[in-house]
Each structure stands twice: as structure tokens, then as C-alpha cells.
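A short worksheet on the structure shown next.
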Amino acid sequence: MDQIITRFPPSPSGYLHIGGARTALFNWLYARGNSGKFIFRIEDTDFERSTQASVDAIIEALEWLGIDWDEGPYFQSQRLGLYQEYVQKLIDNGHAYYCNCSKERLDIVRKEATSQGKNPKYDGKCRNLGLKKSDDTAVRIAAPLTGVTVVDDLVKGSVVFQNLELDDFIIQRTNRTPTYNFAVVVDDIAMNVNTIIRGDDHLSNTPKQIILYRAFGSPLPKFGHVPMVLGPDKTRLSKRHGAMSVTAYRDMGYLADALINYLVRLGWSHGDQEFFTRKDLIQKFNLENIGKSAGIFNPEKLTALNAEHIKASQSKDIAKKLIPFLKENGVISNEGLYIEKVIETLKPRSKTLKDMSNQALFYYTEDVTYDIEAAKKFLDSSSLTAIDLLTQEIENRECSSEKDVEDAFKSVVDKTGLKLSKIAQPIRVALTGKTASPGIFEIIDILGKEKVICRLKNAISFIKQK
RNA sequence: GCCCCGUUCGUCUAGUGGUCCAGGACGUCGGAUUCUCAUUCCGAAAAUCAGGGGUUCAACUCCCCUACGGGGUACCA
């Protein structure tokens, strides 16, 4: 077979949502895994609904996901000449005709048909009228009246449509813009797209498109219709399902790789494997293992996967992505502390980057603020000796390693006869303000002698003031 | 209405006629490790394979019907 050429053709009427991203991903993965070409095209023939802001948003989302394209973005609005040319071809070879039926007449025809229990399709009035082009004419395809059109689908198998069910649909509007089915086919022919992977809401459009390919005498591409992504209520994804835009997930602190992993896995499988790196996916993704049924978007599983990807990431890579979140949290400068070590301690306990930055705050704060409950429970006179002793131990040591810190604690344990667990909690609250944090030794090691002593002394005076 | 697609634990799924009284993951619930929280590790509950008919020695797997869900039926994409 020739080089595989796929494409992603969103219409710019909103942000890139989860479902669209998945479609883009499938096409991209398939191209990348088969040394193919991936084309990006903007379907903006509906001027009413298309906006530049949407175009920008979609590009931003794609770039964040790391989905790159080899050609494009092409804009259908800039290719009107091409469509005109192709319309003319069909007029010339007799596969299309001008139609001047008014919207009102069409409505009546449709209504009549339905009332008689027939299909609400165009009655073909202008098909043989030989109308000439004029201001009030649209162009319709002369579709086959009988027989059958079969879609040989990569995921659904062979799907048969009766041509009787189809009608002479419009390919060019009165305002000379192409309609969707027509523009896609023209572009896909012109761009040599030979593999079309898209949502299965397009399955019933496919026979129309096949009719167009035939009218042009062009070879058919391969079609693969993947099941859609549904909301928790099993209906089509929409705003009311909450955050559905790709960039919203970025802003919540999800890793692009995790989102990709989740999205691809929703509707595709590779045995029992759940965790995939981007490389894995490119290598292993195929069309054979795409499932047939719609999947429900499950944020919990995404989050779990995100936590796994965080754990599997290099701390230096996380650092770059974490800094914006820290800034948003009021951390002006992350200098003075080795951020990668901070991240190292937070990796096993972070679900998202946002989560991580929240947990990192105590490292960077000037003044520890104590949780009321935590202070009440652990910062009282009973813990004074331990804190005091530890302060001394730390002061008398280098504290240049975790081992050093551990020794300091051991010494306090020996002197007081208290269990480590009894000592650790008050210290933890003194250093972080909270009862839950990374390991106490590593915290002290990262914070450094100076800050630790300062925080311990603050805790001591806090207790004394009570 | 008509046409098309789909239906395995709550969710994502494995399963392509016998190895399935159905496996994995998320979530849930126990337990172990532990300086807290996590992590990690063990374990449990959870699917009459939508229902009903066939075909077959044998069906989650093939065929038909029904129900339910989704999509299409536009001078939207």
C-alpha cells in the first residue's frame, strides 16, 4: 500500500474537547506508527459558527498534547475556488445539477413525505429540468436511485445502505459555499488522504461521501468509524458534563501523556496493558483492536493514570511543568531549594500537578501557618521537650544528609525514651503546619539546617505562648 | 417514523466455538509495610456475558427477533 495519509479536520466552533482529541490521536498515532503523514485541516465552511478564537484554541490544545502535523492547517474557507472547480466537474459529467427549490417548498415536500410515512427526502424535482446557474440555485448531487452502497469499515465491518434511503443532497449552497460532505470529499481527494478515522456519528454520512468519490471517479479511502465518548449519563459529551476541553485538563494539572494514555485506552486495548508511554502507543496502536461500543468518560481513572505518569516521570521534566502552578500558588521564586528534590518527595503522593504544587507550598513559605486542629493536637507542652531536644541535635550537626537527620532523631528517641512516631508528628506540624507530609527526614534534609531550626524555634515559642 | 451502529463486573476493557462456574484496570472494602499522608504489596466483594429463540456434540463468541442506548435523516460539521 502507498504511504498512509490521515487527517484531523475539526470545525472551529468551540474548544477542542476530549472526544475530538481522541479522534485526532487515533489518526496521529496511526500515521506516526506507520511512517505515514498526518494532515491538519480546519473545516470552517460554516461562517456563522466558525471563529478564529476556536482555531487558536484547537491549535493550542493540539500542541499541548504533542500532536504535530505534517501538513496544514488548511482552511476550507480559503479553498472555495477548488470546490467550485470540483462542482463544475460534476455538473459537466452529469453527476450534479442546479436546483432552485425554495426552502419553503423543501419543507412542504418533507412534511408531506413524513405524513405519508415516507422518508423526508428531496423529491428530485429539478433533477431533469436542466436549470442554469443563477442567483437562487444550489447544486445537488444526482445520487443513484437504486441499488446499494456499502461501507467496508475498518472497525464496524461491512455496512450496507440502500440507495433508496439517500437523496440528492446539496453539495453547494446558494451562496456558493460547499456543504460538509462535499468539501470533505474534495479535500480528501485533493490531499490524497487514504485513511479516514473518525467518530461513528459519521458512519451514516459515509455512503453519501462514497457516492461523491464515485461521481469523481476517485478511489475510495479506507474508513474506520470509532465509537464515541459519552458522558456519565451515557449521552453525547457536551458542556453540561463539566470540564471537557483538553486545555482544562492541562490547567487542572494533568500530564499530556496521561490524558493521551487514558483517551486511547478508552476504546482501544492491547491485552491487559493499562499504562502506555507515548512511544508505546505509537508502536502498539492499531486499528484491529479498536472496540465497537461507545465508552463513558471516567475522570477517576484518568486521575489514577495521571498519578502513575507523574510517578514514572523524571523530576526534571515535572519541574518545568510544575513551576507555573507554583507561581499561581504565590510562590514567587523557587530558588534556594532544589526543586527536583522537592518533587521527588511529592511524586508518590500527587494526583495532579496542581495537587503537587499545593503540597509543595510548605517548602517555600516564609512563615508556617499551623492547621488549627494539627496545632491543637500536637503543638502542646507535652511535645516541648522533644522539639527542644531535636533543635539542639540539629544545631550540633552538619545535617547534610538524610542519614545525619535520622541520627539526630535517634538521639532524641534515646534521650526521651519516646517512640519515633510520638516525636515525628509534632515536628511535622512544626515544619509543615500539617499532619500529613512527605517523610520527616527528607523534609529536613531539603529545607536545610537553618530553616529547620528557625521553624522549630517558632514552634517552641508558639507552644510557650499558649 | 425510517435507516445505521452498539449492548461482558458501577466504569474502561480481555475474550475471535471448547483452556471462561469469564481475566486485568479504576473505584469500593479488608489487611500488611510505615514517622503522618501517600506509595508499595497482598486479599475480598462485584458480570445468570441485555432478554428470548435458533445453529452446533459444544456459544460470551455464529444467525434471527425483542428491549434499551447512541447516531443519521439540514442550503450544520
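Reminder, nothing fancy here: chain letters follow the sequence lines and each chain counts from 1.
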Subject >> Donor-acceptor pair under 3.5 Å, A:Asn205 side chain vs B:A77 base >> reply: yes

**OP:** Run the salt-bridge test on A:Arg110 and A:Glu112 with the 4.0 Å N-O cut-off and return the result as yes or no.
**Re:** no

Original post:
Looking at the side chain of A:Tyr180, which of B:A77, B:C12, B:C75 is the nearest nucleotide?
Top reply: B:A77

Subject >> Note: A:Glu442-A:Lys341 ion pair, threshold 4.0 Å (strictly below) >> reply: no

Subject >> A:Arg140 side chain near B:A74 phosphate (N/O to OP1/OP2, under 4.0 Å) >> reply: no

**OP:** Look at all strands and tell whether A:Gly439 reaches a base, only sugar-phosphate, or nothing, counting heavy atoms closer than 4.0 Å.
**Re:** base

Subject >> Carboxylate-amine/guanidinium proximity below 4.0 Å for A:Asp135 and A:Arg176 >> reply: no

Original post:
Is there a donor and acceptor pair, one atom on the side chain of A:Thr174 and one on the base of B:C75, closer than 3.5 Å?
Top reply: yes

Original post:
Is the base of B:G27 touched by the side chain of A:Glu300 through a donor-acceptor pair closer than 3.5 angstrom?
Top reply: no

**OP:** Please check the phosphate of B:A14 (OP1 and OP2 only) for any side-chain N or O of A:Ser269 closer than 4.0 Å.
**Re:** yes

Original post:
In terms of the nearest nucleotide of RNA chain B, which residue is placed more toward the 5' end: A:Leu106 or A:Val159?
Top reply: A:Val159

Original post:
In residues 77-85 of chain A, which ones come under 4.0 Å of RNA chain B, going by heavy atoms?
Top reply: none

Subject >> A:Asp200 and its side chain to side chain donor-acceptor pair (under 3.5 Å) partner, picked from A:His225, A:Lys156, A:Lys292 >> reply: A:Lys156

**OP:** Give A:Pro207 one of three labels, base, sugar-phosphate or nothing, depending on what nucleic acid heavy atoms sit under 4.0 Å from its own.
**Re:** nothing

**OP:** Decide whether a cation-pi geometry holds between A:Arg140 and A:Phe169; the criteria are a distance under 6.0 Å from NZ or CZ to the six-membered ring centre and an angle within 45° of the ring axis.
**Re:** no

Original post:
Is the A:Phe26 ring parallel, tilted or perpendicular to the A:Phe285 ring (thresholds 30°, 60°)?
Top reply: parallel

**OP:** Between B:U73, B:C4, B:C75, spot the one nearest the side chain of A:Lys208, thanks.
**Re:** B:U73

Subject >> Check: B:C12 base within 3.5 Å donor-acceptor of A:Lys301 side chain >> reply: yes

Subject >> Presence of A:Arg110 side-chain N/O under 4.0 Å of B:A74 phosphate oxygens OP1/OP2 >> reply: yes

**OP:** Using side chain to side chain donor-acceptor pair (under 3.5 Å) as the criterion, list what pairs up with A:Lys376, not counting sequence neighbours.
**Re:** none

Original post:
Does any N or O donor sit under 3.5 Å from an N or O acceptor when you compare the side chain of A:Asp272 with the base of B:G23?
Top reply: yes

Original post:
Quick one: is A:Thr45 getting a side-chain N or O under 4.0 Å of the B:A77 phosphate, OP1 or OP2?
Top reply: yes

